[in-house]
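Counting starts at 1 for both ligands and their atoms, following the listed order.
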Amino acid sequence: MNDRIPLARALVSVYDKTGLEDLVRGLNEAGVALVSTGGSARLIESLGVPVTKVEDLTGFPECLDGRVKTLHPRVHAGILADRRLETHVQQLADLGVEPFDLVVSNLYPFTQTVASGASPDECVEQIDIGGPSMVRAAAKNHPSVAIVTSPERYDDVLRATREGGFTLAERQALAAEAFAHTAAYDVAVAQWMATTLVPAEDGWPATTGATYERLATLRYGENPHQAAVLYGDGTGSGLAHAEQLHGKEMSYNNYVDTDAARRAALDFDEPAVAIIKHANPCGIAVGADVAEAHRRAHACDPVSAFGGVIATNRPVSVAMAEQVAEVFTEVVVAPGYDDGAVEVLAAKKNIRILVCPLDEEPSRTEQRQVSGGLLVQQVDHVDAPGDDAATWTLAAGDAADEATLRDLAFAWRACRAVKSNAILLARDGASVGVGMGQVNRVDSCRLAVERAGERAAGSVAASDAFFPFEDGPQILIDAGVRAIVQPGGSVRDELTVEAAKAAGVTMYFTGTRHFFH
Ligand SMILES: NC(=O)c1ncn([C@@H]2O[C@H](COP(=O)(O)O)[C@@H](O)[C@H]2O)c1NC=O
């Protein structure tokens with residue numbers, strides 16, 4: 001069945017004039033009559049392409065600084081007439097209104113204006129009214145009209161002119177795209193109004209919303225029987241938009257682990273490497289360079305590092321790539337790669353190599369779905385007051401020397417990447433034993449000490465939250481840990497402090513907790 005609608009008449013009203021020249025020249029050559037608004041019409045005219053100005057069509061001037069251009073029945077009746085209905089066709093004839101077959105429109109740059117730090121009045125002025133009205137009208141009336149909201153579709157438009165118009169299926173797809181465009185636009189306006197114009201006393205908007213675009217259909221979800229997909233938030237940054245340079249396609253679990261790996265590595269200022277399995281670190285280390293950091297992170301738990309995900313906060317060097325290539329690794333993610341490093345890694349067929357720039361503006365909030373709702377919280381960055389070792393309180397033992405304090409500070413940062421209850425033993429800027437995800441802190445201490453083995457003696461320890469009893473710290477002390485950093489704040493802190501004092505172990509309180517579930 002031929003359900004194409006030939007393109008005889010188009011309405012063009014675009015803020016972003018990218019590709020407009022080729023489009024209107026092509027439409028003109030195909031015999032499509034053009035109607036257009038102020039700036040768009042001027043550009044078309046300047047190309048020597050015939051165009052009717054909207055105000056000549058409506059008999060009403062564009063006014064109020066462009067707030068009213070296309071908001072006129074002669075425009076909207078021409079877009080909204082359902083030409084499958086005799087009555088609509090007859091009414092257009094009676095009214096002397098000609099129908100449009102194609103609407104090309106994109107909207108004022110509202111989000112970009114907000115991002116530029118413009119004043120509220122300037123932002124409000126960039127809320128497009130006539131554009132979304134046309135776009136929504138044309139999308140609603142897709143049985144009769146094609147709607148195009150992106151310059152990326154202009155080639156399709158020119159193809160359609162050669163093929164006798166868009167098919168119904170194509171018009172439906174364009175309509176869905178158009179409503180996604182206006183929905184995202186309205187969500188952005190609503191969010192801005194809720195946060196800027198009517199800020200709540202507690203800072204959280206009364207409503208929240210976001211729109212996402214599908215970036216990839218994944219092979220499966222957490223398990224093979226679960227279908228899964230990756231959506232992007234439209235920012236073009238962050239892991240979802242990372243560029244994959246090599247390897248099999250990313251899986252759902254790869255994304256989860258790679259996100260955790262980046263979170264861990266990006267916490268450090270010096271070259272750092274995190275090796276992650278099931279969202280937990282099997283090794284984190286800093287070093288003079290990433291190769292050294294990787295060597296030391298790997299040494300923490302070489303057994304678990306098999307099949308791990310590796311993140312760095314610096315470009316991967318050839319030396320590091322050579323080390324990584326010796327171990328079965330699922331994913332490497334880094335802000336870049338030195339010349340030759342990708343080639344070394346890519347010698348392994350299956351390793352996924354991702355380049356993901358450091359987030360220029362790390363997200364300030366994060367969300368987690370619960371049944372029937374959404375939890376939203378500020379992101380737990382490592383810049384809380386207690387994250388600076390200079391603010392810690394000495395609770396037991398002698399004040400740590402410079403090297404020990406540096407190790408404690410490292411352990412405190414690294415511990416943040418471990419799922420609660422988290423205990424991390426470290427030495428010389430590298431984790432040596434990690435106890436993660438246990439339902440009591442004593443077991444996390446046991447696990448960390450067991451994993452560290454002989455390396456526990458002389459190491460330092462960090463705990464993501466306070467010790468409720470002295471049993472956990474006692475396990476660390478008995479294993480030879482010489483300094484402990486923890487938030488403090490338990491009603492039984494005294495018992496823990498006494499245990500440290502009795503053993504001559506240094507203990508600091510940070511006053512800040514870093515639970516990570
Ligand atoms: N007010 C109106 O009737 C109206 N009609 C179309 N626009 C917008 O005006 C822009 C195009 O304007 P120009 O062709 O003048 O550069 C497009 O982004 C379009 O969405 C309007 N502007 C704002 O609402």
Side-chain angles (χ1 to χ4, degrees), residues 9-25 27-28 32-80 97-100 102-116 118 120-141 145-154 157 174-175 177-190 192-193 234:
R9 191 163 178 258
L11 175 58
V12 178
S13 178
V14 288
Y15 177 85
D16 176 4
K17 296 181 172 63
T18 308
L20 189 61
E21 176 172 349
D22 288 347
L23 175 75
V24 295
R25 283 193 196 285
L27 287 174
N28 182 48
V32 181
L34 299 174
V35 176
S36 188
T37 48
S40 308
R42 277 193 294 281
L43 180 80
I44 297 169
E45 259 179 347
S46 74
L47 301 170
V49 173
V51 60
T52 302
K53 288 184 188 144
V54 160
E55 43 201 356
D56 294 337
L57 178 82
T58 60
F60 199 91
E62 288 190 10
C63 61
L64 309 179
D65 299 321
R67 285 187 173 202
V68 178
K69 302 184 197 181
T70 52
L71 297 165
H72 193 282
R74 282 203 174 272
V75 174
H76 280 271
I79 300 174
L80 278 162
V97 171
E98 276 186 76
F100 290 105
L102 171 70
V103 172
V104 180
S105 184
N106 58 58
L107 312 179
Y108 288 174
F110 176 75
T111 38
Q112 293 88 329
T113 306
V114 171
S116 74
D121 272 353
E122 288 168 319
C123 294
V124 164
E125 214 42 56
Q126 293 303 320
I127 298 175
D128 202 324
I129 299 298
S133 306
M134 284 185 296
V135 171
R136 287 165 52 84
K140 169 175 175 163
N141 199 27
V145 184
I147 169 67
V148 168
T149 52
S150 164
E152 284 174 24
R153 293 273 170 264
Y154 291 174
V157 173
L174 289 170
E177 209 171 289
F179 267 110
H181 186 60
T182 55
Y185 197 82
D186 274 347
V187 166
V189 175
W192 177 77
M193 288 210 168

### ligand 1 contact on Ser105 by region, counting heavy-atom pairs under 4.0 Å
side chain

### Task
Below 4.0 angstrom from a heavy atom of Ile129, which ligand 1 atoms are there? Numbered from 1 as shown, please.
23 (C), 24 (O)

### Query
Take atom OH in Tyr15; do more than 12 heavy atoms of anything else shown fall under 6.0 Å from it?
no

### Message
As a check for students: among Thr37, Asp128, Val54, identify the option with a heavy atom nearest to atom 23 (C) of ligand 1.
### Response
Asp128

### Query
For ligand 1, is Lys17 a contact, meaning one of its heavy atoms is under 4.0 Å away?
yes

#### Entry: NZ/NE/NH1/NH2 to OD/OE distance under 4.0 Å, Glu125 and Arg67
yes

### Task
Under 4.0 Å from a heavy atom of Ser40: give me the atoms of ligand 1 that qualify, with their elements.
13 (P), 14 (O), 16 (O)

### Query
For ligand 1, which atoms have a heavy atom of Tyr15 less than 4.0 angstrom away?
17 (C), 18 (O)

### Message
Applying the side chain to side chain contact (heavy atoms under 4.5 Å, CB included) criterion to Val103, which one of Asn141, Ile79, Val148 satisfies it?
### Response
Ile79

### Message
Using a 3.5 Å distance criterion without hydrogens, assess whether the side chain of Ser13 forms a donor-acceptor pair with backbone atoms of Ser105.
### Response
no

### Query
Quick one: does Met134 get an N or O within less than 3.5 Å of an N or O on ligand 1?
no

### Task
Provide the closest heavy-atom pair for Glu62 versus Gly38 in the form atom of the first, atom of the second, distance.
OE2-N, 2.8 Å

### Query
So is there a nitrogen or oxygen of Gly66 less than 3.5 Å from a nitrogen or oxygen in ligand 1?
yes

## Note on the structure
In ligand 1, the atoms that come under 4.0 Å of a heavy atom of Leu71 are 3 (O)

### Query
Which option out of Asn106, Leu107, Val104 puts a heavy atom nearest to atom 17 (C) of ligand 1?
Asn106

#### Entry: Gly39 N/O under 3.5 Å from ligand 1 N/O
yes

### Query
For atom 5 (N) of ligand 1, what is the nearest protein heavy atom, given as residue, atom name and distance?
Thr70 OG1, 2.6 Å

### Validation row: Ser133, Thr70 side chains within 4.5 angstrom (heavy atoms)
no

### Message
Looking at Val14, is its backbone amide N or carbonyl O close enough to the side chain of Ser40 to form a donor-acceptor pair, meaning the two atoms are under 3.5 Å apart?
### Response
yes

### Query
Which heavy atom of Leu174 sits nearest a heavy atom of Ala146, and at what distance?
CD1-CB, 4.3 Å

### Query
Does Gln126 use its side chain to pair, donor to acceptor, with the backbone of Tyr108 at less than 3.5 Å?
no

### Message
Using heavy-atom distances only, which candidate in Glu125, Lys69, Arg67 approaches atom 12 (O) of ligand 1 most closely?
### Response
Lys69

### Donor-acceptor under 3.5 Å (Arg136 side chain, Thr182 main chain)
no

### Query
Which heavy atom of the protein is the closest neighbour of atom 6 (C) of ligand 1, given with residue, atom name and distance?
Ser13 OG, 3.4 Å

### Query
Any idea which protein heavy atom is nearest atom 22 (N) of ligand 1, and the distance to it?
Tyr108 OH, 3.0 Å

### Message
Show the atoms of ligand 1 that are less than 4.0 angstrom away from any heavy atom in Val14.
### Response
11 (C), 16 (O), 17 (C)

